Amino acid sequence: MNENLFASFATPTMMGLPIVILIIMFPSILFPSSNRLINNRLISIQQWLVQLTSKQMMAIHNNKGQTWTLMLMSLILFIGSTNLLGLLPHSFTPTTQLSMNLGMAIPLWAGTVFMGFRHKTKAALAHFLPQGTPIFLIPMLVIIETISLFIQPVALAVRLTANITAGHLLMHLIGGATLALMSISPSTALITFIILILLTILEFAVAMIQAYVFTLLVSLYLHDNT
């Protein structure tokens, strides 16, 4: 039971070689660039959604922060597409791997922190020690603020991993219960099947929301350091 439950989270291999890189590159096919003078409806909708999201997310940034627009839009498209593709049957979701999410969170967080120390050195250092702090609390507050700073990328990665993994496990459990109840109690199986459909719809929303939340938090870190 445990092996089947967590089998979908195992890294897929082909001929003994991991194919995660191919899976990660696959979502780029879903966003083709058009060279036509007039785009079709699908590309027009994609461009409209990207422009709407970028305007909303980058409105709070100055000129230095807006240089990250392309990176943040690519990030939200990548996470959202991989989350949605992971909901397909017999598919693999790279964002359920904590190592991959840390690989995205740590460089982005480090880039925002380095920008803060480079362009706003005094303000960046001031975060470690709030104004008016009693002298006897200074060492403790510096340690606490340092720990909270380094926890930020871990929180980003763990939040995304936990939400996507929990949804997949719940769908797997309810789907297995539905199959088991079909021969025992068809009426109960119908109820669990309806719950499974509603949960699947919810997971589609969670897939997009988690991509937006991850990118939004990176954007807020960037805003604090530019």
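Not measured: the values here are computed from a predicted model. Atoms considered below: every heavy atom in the structure, side chains included; atoms not considered: hydrogens, waters and symmetry mates.
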Exercise for review: Kindly determine whether Phe214 and Thr95 satisfy side-chain contact (heavy atoms from CB on, under 4.5 Å), including the steps that lead there.
Suggested key: CA-CA 11 Å; Phe214 189 97; Thr95 48; over 6 Å; no

Would you say [X] and [Y] are hydrophobically clustered, going by side-chain heavy atoms of ILVMFWY under 4.5 Å?
| X | Y | result |
| --- | --- | --- |
| Phe204 | Ile164 | no |
| Leu202 | Leu169 | no |
| Val154 | Leu160 | no |
| Ile191 | Leu170 | yes |
| Val218 | Leu220 | yes |

Tell me whether [X] contacts the main-chain N or O of [Y] through its side chain, where contact means a donor paired with an acceptor under 3.5 Å.
| X | Y | answer |
| --- | --- | --- |
| Thr53 | Val50 | no |
| Ser185 | Leu181 | no |
| Ser148 | Glu145 | yes |

Point to revise | Residue of the set Leu87, Leu173, Asn163 for which side-chain contact (heavy atoms from CB on, under 4.5 Å) holds with His168 | key: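 It is Leu87; the other options fail the test.
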
Where do [X] and [Y] come nearest, in terms of heavy atoms and distance?
| X | Y | answer |
| --- | --- | --- |
| His61 | Ser219 | NE2-OG, 2.6 Å |
| Met100 | Pro94 | SD-CB, 3.2 Å |
| Thr215 | Leu72 | CG2-O, 3.4 Å |
| Met104 | Pro107 | O-CD, 3.7 Å |
| Leu102 | Pro153 | CD2-O, 4.2 Å |
| Met58 | Trp68 | CE-C, 4.4 Å |

Could you state the interatomic distance from [atom1] ([X]) to [atom2] ([Y]), rounded to the nearest 0.5 Å?
| X | Y | atom1 | atom2 | result |
| --- | --- | --- | --- | --- |
| Leu108 | Met71 | CG | CE | 6.5 Å |
| Gln152 | Ile147 | CD | CD1 | 13.0 Å |
| Arg159 | Asn101 | CZ | CG | 11.5 Å |
| Ile197 | Thr192 | CD1 | OG1 | 10.0 Å |
| Met208 | Ile79 | CE | CD1 | 10.5 Å |
| Asn225 | Met115 | CG | CE | 8.0 Å |

Exercise for review: Evaluate the side-chain contact (heavy atoms from CB on, under 4.5 Å) criterion for residues Thr93 and Asn83: first the C-alpha distance (whole Å), next the side-chain angles of each, then the deciding distance (0.1 Å), finally the verdict.
Suggested key: CA-CA 6 Å; Thr93 312; Asn83 288 347; 4.3 Å; yes

Review point. Can you tell me if OH on Tyr212 sees more than 12 non-hydrogen neighbours from other groups inside 6.0 Å?
Key: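 Enclosed: over 12 neighbouring heavy atoms sit under 6.0 Å from OH of Tyr212.
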
Exercise for review: Go through the steps for Trp109 and Leu149 under the test side-chain contact (heavy atoms from CB on, under 4.5 Å), then give the verdict.
Suggested key: CA-CA 10 Å; Trp109 165 83; Leu149 178 64; 3.9 Å; yes

Review point. Between the side chains of Thr96 and Thr165, does any donor sit under 3.5 Å from an acceptor?
Key: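 No donor-acceptor contact under 3.5 Å links the two side chains.
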
